Amino acid sequence: MNLRGEYKLAKKDREDIFEIRWKTDLPYKYSIGKLSVKFFEVLKKERKLLGSKCPECGKVHFPPRGVCAECVVKMTVDDMVEVPPRGTLVGFTVINYPFVDPQTGGMRPFPYGYALFQLDGTDTYTMHFLDEKDHTKMEIGQRVEAVFKDEMEGNLGDIPYFKIIKEG
Amino acid sequence: MKKVAICGIAQTKYEEQKIDLTISELVFEVVKEIHNKLNISNDDIGCVISSSNDFNDGRTIANMAIQDAVGSVRKAESRVSGDGAFAYVYGAMRILSGEYDTVLIVSHTKCSEGDQYLINNSIFDPFFQRHLGLDQISAAGLMANMYMTKYGISEQQAAKVVVKNRKNAMLNPYAHLQQKVSLEDVLESPMLAFPLKELEFPPFSDGAVAMLIANEEKAKELADTPVWLEGYGSCTDAYYLGHRNMSDLVGLEGAAKEAYKMAGISDPVNQLDVAEVYDAFSTHELMSYEALGFCEKGQGGNFIDTGATELEGSIPVNPSGGVLSSNPTMANGLIRVAEIALQLMGKAEKRQIADANIGLANGMNGICSQGNCVLIFGGGK
Amino acid sequence: MPEKVGIVGIGQTKFTSKRRDVNIPEMVYESVKMALDDAQLEPNDIDAILIGNMDHFEGINFSEMWCGIDAAPGYMKPVVKIATGGTTGSSLGICGYYNVASGIYDKVLVVGWEKLNEGGATTGIITAFDPVWERPSLAGALGPLALMANMYMNEFNVSPETAAMVTVKNRSNAANNPFAHLQMPNITLDYVMSSQTISYPLRLHDCCPQSEGACAVIYANEKEAKRITDNPAWFHSVATSHYYTFGCDDKMYDLPTATFASKKAYKKAGIKDPIKDLDVAEVYEPTSWAELSWTEALGFAEPGKGGNLLREGISQMGGELPVNPSGGVLSTNPIGATALVRIAEAAIQVMDRGEKRQVPDAEKALAMGFGGSLWTELAILGNEPPR
Ligand SMILES: [Zn+2]
């Protein structure tokens, strides 16, 4: 824990101006909820994806979550349904600028493909990395598939990215 | 003024760590309970005002996480970044403007998810105060020492606040800490920031509170025992601790004066039946007695000695057990409001004060009562 | 009884990428002092202070407790902070409206600020999103905004040149606004089109800058407003529409919340045809593409036809409904102040105080805030009190 700021003298025009630098990082432990716990358990053990289906309106949410915003009703682990690891590309971009990743405190490597997909049988879109850095090779409507790691650990890193696939 | 009514209240049990619930799920618990208790659906709610703090939630725009849970899709929601009592005030303003019939007020904190020392240290300015390692505990020690020295308050008198509030908490099923403590327990607990000891500080809690407020017409439909806003005042003390009068809560005093004026209160001890105050540490409650005019300046210690603030006293303070028993930080002010509403509705069960008709609640932002709001409620039964 | 609410004083700092010469409260004070002087009020005339700022961007928790006292005249007065991300300024402006409309306070000072170079906006914005599902791939606000642009261009077959016209309009408008950050009187379509692609299809000049600065606005009830100035800007309606926690749950090219909020705001303000009934609009466009889509959602054009507003000159200065005479967000983006600047600039227009950026005979103006997970907030201001 470093609470001492680091003073830095910057020169600008005729004035000497002080800046004070803080490098305190604020750690958190976020509860992920029972649905996400089950999601990662099943992902690790069975290499399957689960969404949550609203018991009232039937909307299938991916990623799974505890409340259906439309109906304002609770979804539980009993409302989780399997969704295929395949879907359709609905929007994409290629991130091509530098920034600090708050999870690591270091710079996030770029460029990288970043996209929205609709997994088959779900009623929401979801965002993730796409294994493609050339936007001319991407098209809305393309089929995509989740790529799983060989050794699953039970976190989102088990799905490092989605890839564009051709279905015959 | 029968214009803004509290119609329904929901609280979670306050606990050390609700590890199985996301913040959204935690908030949903109280939202759904409001629906169920009042037999309404999400469509009956005009808009939502939430209270939360980005540092506590570890999330910028912390209210984004609870949109689904508060049912605000396509609807108006806004967020007071700070204590829940201020969110209540904003909700009441929306009712008074005539533009909304009902407003849902929600506040939450999961203290277990963040580093409370770093979060509170970040309240201090980064040039002069933050380096000193100040947080709410060390600032409280400073304040308590100055107050106790100036007015000759004893450690025993301060400890009595803890004994009283922890005893009351035994009667409150929602309270986090439900073990009785003795005067000796408090006095012998480890010193955290002289002169304050460990038991003179609250725990850190996870929890949420929600309430539905309405205008007069809707309140008649929704509630048998609506609780009416009678008075409101808000006042902010200086920022730098060195600029403040650390032995008196001048901000709280200013807020109380305004609220009393609006509610027509000239003799608080006789006119008020019950109070829920923001007791951030033991002597803070004694200082609050003085600022709220329950006793003269410097008499907070003698006032608790008279037993006036006990459950059966002339002005029971914190029958819920107060912040010293449950401390989901941003929700504290709204819990005070909720507990007063329960008292005036006659629904406070084992902690009920007999014949409670007028009550006071106060909320606080920042450190050691810097930002204050005082609310007076009436009606109920 | 509900009170009518007027804006009676405005202060803005000159927005710029870095204010090395002042610290946070000093910067905020500049705008507060300007607003007080503008309304010819003393600090003690103000009943309550509302502060807008995103704590995480600069790393100051309870920043209102600092700025409310050391920058604004909040000592021994109510000070409250409103923080809702990009919409902070509009949430703040709307909260100021309710503080007065409720009859609780007569005169309220609202001030929004950001000193973005003191922290990290992209890093801060990432933490607005779900830690499990969204943060790993999210790249601040620009990533989702690029997805929106991508989905919009695909849905309506709109060209990048059409979007670039928005930047050209807004940054050349900014040259008429002494407070704007990026002022480019001679900007060309080529200049925008030849800038680097930073997040396809967004080029550098399709995107807003990061600005430092503060904006303060003084609100008063009818009695006080008429006493303070001959021409207050009057609130005719305000509206907010929020959306799913996961903003990307739904298609993102048509901003449904702007449609919901505008229906409500127009109804209360008696706006039937926004192009005819509004005289000027200050729209919260974080990207060039966004202005196309947002103006459609606000009913200024049919879906996918936002570009026609530019080509036909409707949204240009001198057109039927000039959009962002101030230069908009593409020229200036101090997040906690940005949407309040929209309200302030809309007020400046109906007060007929826009000088070089003034739209002639502006009687009704719309101000928009955008933020969170696709949220919209609106205020409609007029030069006459509402009936
Ligand atoms: Zn549903």
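Every chain is numbered from 1 and lettered A, B, ... according to where its sequence line falls, protein lines coming before strand lines. Predicted model, so just to flag it, every value in this text is computed and none were measured.
The distance from the CE atom of B:Met330 to the OG atom of B:Ser81 is 8.0 Å, given to the nearest 0.5 Å. In this structure, B:Asn53 CG and B:His108 NE2 are separated by 9.0 Å, a value rounded to the nearest 0.5 Å.
Contacts of B:Asp20 with chain A are made by both backbone and side-chain atoms, with heavy-atom separations under 4.5 Å. Heavy-atom distances place the side chain of B:Lys110, and not its backbone, under 4.5 Å from chain A. Looking at B:Asn56, the atoms closer than 4.5 Å to chain A (heavy atoms on both sides) all sit in the backbone: N, CA, C or O. Only the backbone of B:Ser112 has a heavy atom closer than 4.5 Å to any heavy atom of chain A. For chain A, no part of B:Ile23 is nearby; none of its heavy atoms comes within less than 4.5 Å. For a residue to count as touching a neighbouring chain, one of its non-hydrogen atoms must lie under 4.5 Å from one of that chain's; by this rule B:Asp43 does not touch chain A.
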Is there a salt bridge (Lys or Arg N to Asp or Glu O under 4.0 Å) between A:Lys38 and A:Glu41? Walk through the geometry before answering. CA-CA 5 Å; A:Lys38 182 168 176 189; A:Glu41 270 171 15; over 6 Å; no

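Counted within 6.0 Å of NZ on A:Lys74, heavy atoms from surrounding residues, nucleotides or ligands total more than 12; the atom is thus considered enclosed. Counting non-hydrogen atoms of neighbouring residues, nucleotides and ligands closer than 6.0 angstrom, the NZ atom of A:Lys59 exceeds 12 such neighbours. Shown here is A:Lys163, whose NZ atom has no more than 12 heavy atoms of other residues, nucleotides or ligands within 6.0 Å.
Ranking A:Val37, A:Ile32, A:Val73 against chain B, the residue ahead of the rest is A:Val73, based on heavy-atom pairs under 4.5 Å.
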